[in-house]
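Contents: one structure, followed by commentary.
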Amino acid sequence: FMGSEMSFRMFIVVLVAGMGSLVGPVVIGLGLGVLEALAVQYIGSLWQQFAGLMALVIVLLLRPQGVFGQASRAEYA
């Protein structure tokens, strides 16, 4: 189970940032770090990963392609 917490955070960063963006993961990674630090400060350390997961769910509900991702068009021949 070594590295599972880091893998979970990387998964969240990539999904929220959107595929194909170079600046997005940096910005979202910093934002996720701040969000988790605030969750530990105000809610408790048990809710740290839950705060990141809830941010992922909210972003995917509002913007499925990610924050910095671009919507793809499915073109059929």
Side-chain angles (χ1 to χ4, degrees):
F1 296 108
M2 202 157 101
S4 62
E5 287 186 32
M6 226 22 157
S7 296
F8 179 71
R9 287 185 180 106
M10 288 185 285
F11 180 71
I12 289 175
V13 167
V14 169
L15 285 180
V16 171
M19 298 299 288
S21 173
L22 295 176
V23 177
V26 174
V27 173
I28 298 300
L30 288 172
L32 181 63
V34 169
L35 176 69
E36 288 182 352
L38 289 173
V40 168
Q41 181 69 31
Y42 292 110
I43 302 172
S45 62
L46 295 175
W47 296 92
Q48 180 179 8
Q49 286 187 348
F50 184 72
L53 183 64
M54 290 313 305
L56 171 69
V57 169
I58 290 169
V59 167
L60 289 180
L61 284 174
L62 298 176
R63 194 166 159 89
Q65 68 268 21
V67 175
F68 292 97
Q70 297 182 6
S72 62
R73 296 180 91 191
E75 296 186 26
Y76 299 101

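Both backbone and side-chain heavy atoms feed into the values below; hydrogens, waters and symmetry mates do not. What you see is a predicted model, and the numbers here were worked out from it, not measured in a lab.
Remark: I12 CD1 to I28 CD1 distance equals 11.5 Å, nearest 0.5 Å. In this structure, R9 CZ and E36 CD are separated by 4.0 Å, a value rounded to the nearest 0.5 Å. From Q48, atom CD reaches atom CG of L35 across 9.5 Å, with rounding to the nearest 0.5 Å.
In this structure the side chain of L53 reaches within 4.5 angstrom of the side chain of F8, judged on heavy atoms.
Residues V40 and I43 fall into different hydrophobic clusters, defined by Ile, Leu, Val, Met, Phe, Trp and Tyr side chains chained together at heavy-atom separations under 4.5 Å. No continuous path of hydrophobic side-chain contacts links L32 to V26 [ILVMFWY only; heavy atoms under 4.5 Å]. Linking ILVMFWY residues whenever their side-chain heavy atoms come closer than 4.5 Å, directly or via other members, leaves I58 and V16 in distinct clusters. Grouping the Ile, Leu, Val, Met, Phe, Trp and Tyr side chains by contacts below 4.5 angstrom, directly or via other members, places L62 apart from L60. Criterion: ILVMFWY side-chain heavy atoms under 4.5 Å apart, direct or through other members. Under it, V57 and W47 are not part of a common hydrophobic cluster.
Enclosure of atom CG in L22 is not indicated, since only 12 or fewer non-hydrogen atoms of other residues, nucleotides or ligands lie within 6.0 angstrom.
Scanning all heavy atoms of the two residues, the minimum distance from P25 to A17 falls at N-CB, 3.6 Å.
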